[in-house]
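Values below: every heavy atom of this structure, side chains too, minus hydrogens, waters and symmetry copies. Order of the sequence lines fixes the chain letters, A, B, ..., with proteins taken first and strands second; residue numbering starts at 1 for each chain.
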2 protein chains.
Amino acid sequence: MRHRILRAATQLFAEKGFSGTSVQAIADAVGIQKPSLLYHFPSKGALRDAAVDAVLDRWGDVVPKVLRAATNGENRFEATLGEVMQFFAADRDRARLLMREILDRPDPMRTRMQETFSPWIGLVTSTIRRGQQEGVIWPDLDPDAWVTNIVALVVTTFATNAVSGALFEADSLERRQREVLRIAHASLFIGG
Amino acid sequence: MRHRILRAATQLFAEKGFSGTSVQAIADAVGIQKPSLLYHFPSKGALRDAAVDAVLDRWGDVVPKVLRAATNGENRFEATLGEVMQFFAADRDRARLLMREILDRPDPMRTRMQETFSPWIGLVTSTIRRGQQEGVIWPDLDPDAWVTNIVALVVTTFATNAVSGALFEADSLERRQREVLRIAHASLFIGG
DNA sequence: CCTACCGATCGGTAGG
DNA sequence: CCTACCGATCGGTAGG
């Protein structure tokens with residue numbers, strides 16, 4: 001039951017935002033009464049925290065795969081960014097929930113995301129710096145800012161294309177995803 | 001008075017979101033009573049529409065400058081993207097308001113933004129296509145998706161850095177802005 | 001531009 | 001997991 005409540009809450013928070021979602025609406029979606037819901041989660045805020053935790057915890061599950069992709073083999077770049085995109089493609093609520101939380105509570109979310117992403121970002125940026133020393137990556141690239149920007153681009157792409165289709169005419173999620181990959185690649189490696 | 005109300009509403013909508021902002025809170029910020037506010041704007045929704053209109057109208061004011069930058073002279077690329085970034089840098093509420101509206105009401109906002117940005121996007125993409133024919137821009141670049149992604153990146157950068165400072169460690173708005181410019185440049189022109 | 005007020009809904013509790 | 005209920009606040013209106 002806890003899980004069903006959390007899933008309904010996550011969906012509604014992603015779609016309508018935290019303050020646009022009432023505890024009653026979540027209870028209705030699950031099919032129980034409001035006080036029953038508040039037995040499983042002591043408050044609406046606790047439900048929000050649990051929803052964010054769930055997303056960031058599942059990122060923790062994927063990190064090993066991403067790290068393996070980032071350190072191994074040939075196409076380490078495509079593999080790493082591919083894992084990141086897959087994480088958000090697998091559940092459209094993730095990007096929208098994170099984006100809303102960053103807007104609603106920037107400071108606590110920055111802390112939470114730093115804790116979650118720091119080890120992964122540290123590895124990626126040090127790999128980038130090695131590539132710069134080897135002369136295959138643009139020397140004027142700012143590794144931290146680059147990673148932040150590319151992740152921000154991925155999150156925004158999925159957050160704004162989560163529901164219907166295109167932000168602009170002739171614009172689809174597929175095309176934007178492909179172009180994100182191309183932009184990341186061309187802005188990383190010398191000579192594209 | 002209308003203008004003072006609209007400014008307070010825009011600030012609060014940007015900071016707390018539409019459903020996170022009460023009419024009472026806006027009235028308090030202005031220093032008048034709630035019914036007085038509702039004399040100037042018939043409903044909370046009308047206030048929202050007016051706030052979005054104001055942002056998009058001011059974009060309309062900047063478009064001529066952007067178009068001049070996009071069609072003229074040497075550094076047309078730097079000038080065009082510079083104008084876009086300046087638009088969002090000039091008022092931090094703009095990016096947050098637009099991002100929140102896209103999340104809250106994707107379909108109406110897509111329509112509104114298409115109407116506002118289409119002419120400008122059409123000109124930029126046709127300039128890009130010309131550059132592709134001339135062989136100075138990556139041939140596999142998707143012009144529509146590229147413009148959407150770069151604008152999305154700019155909006156996200158300002159929306160998520162509007163209040164305090166950095167999303168991740170050692171990350172500042174300045175560094176992210178500089179890196180956005182570099183990413184856009186390197187992902188556009190062959191050879192960086 | 002104000003006071004006074006409306007019904008509806010908010011998050012949450014008591015008590016079983 | 002439910003019924004019954006709490007005070008506070010919601011957007012908005014009446015009437016001046």
May I have the list of side-chain donor-acceptor pairs in residues 133-140 of chain A shorter than 3.5 Å, sequence neighbours left out?
| unit_1 | atom_1 | unit_2 | atom_2 | d |
| --- | --- | --- | --- | --- |
| A/Trp138 | NE1 | A/Ala186 | O | 3.2 |
| A/Trp138 | NE1 | A/Phe189 | O | 3.2 |

Provide, to the nearest angstrom, the distance between the [atom1] atom belonging to [X] and the [atom2] atom belonging to [N].
X	N	atom1	atom2	answer
B/Tyr39	C/dC2	OH	P	13 Å
A/Ile32	D/dT3	CD1	C1'	15 Å
A/Met1	D/dC2	CE	C1'	13 Å
A/Gln33	D/dC1	CD	C1'	9 Å

Residue set satisfying side-chain hydrogen bond (donor to acceptor under 3.5 Å, both in side chains) with B/Gln177, at least two apart, ordered chain then number -> none
List the residues meeting side-chain hydrogen bond (donor to acceptor under 3.5 Å, both in side chains) with A/Asp49, not counting sequence neighbours, and say none if there are none.
none
Got a sec, which pairs hit side chain to side chain donor-acceptor pair (under 3.5 Å) with one end in residues 16-32 of chain B, sequence neighbours left out?
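Qualifying pairs: B/Gln24-B/Asp28.
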Counting primed atoms plus P, OP1 and OP2 as sugar-phosphate and everything else as base, spell out the protein contacts along nucleotides 5-16 of chain D at 4.0 Å heavy-atom distance: B, S or - for each nucleotide, 5' to 3'.
-----SBBBB--
Do the charged groups of B/Asp142 and A/Arg182 touch, with an N to O distance under 4.0 Å?
no
Consecutive-pair stems (3 or more, Watson-Crick or G-U, under 3.5 Å) for DNA chain D
C:1-16 with D:1-16
Verify, without hydrogens or angle tests, whether [X] (side chain) and [Y] (backbone) share a donor-acceptor contact under 3.5 angstrom.
X	Y	value
A/Arg129	A/Pro143	no
A/Arg100	A/Ala14	yes
B/Lys44	B/Phe18	yes

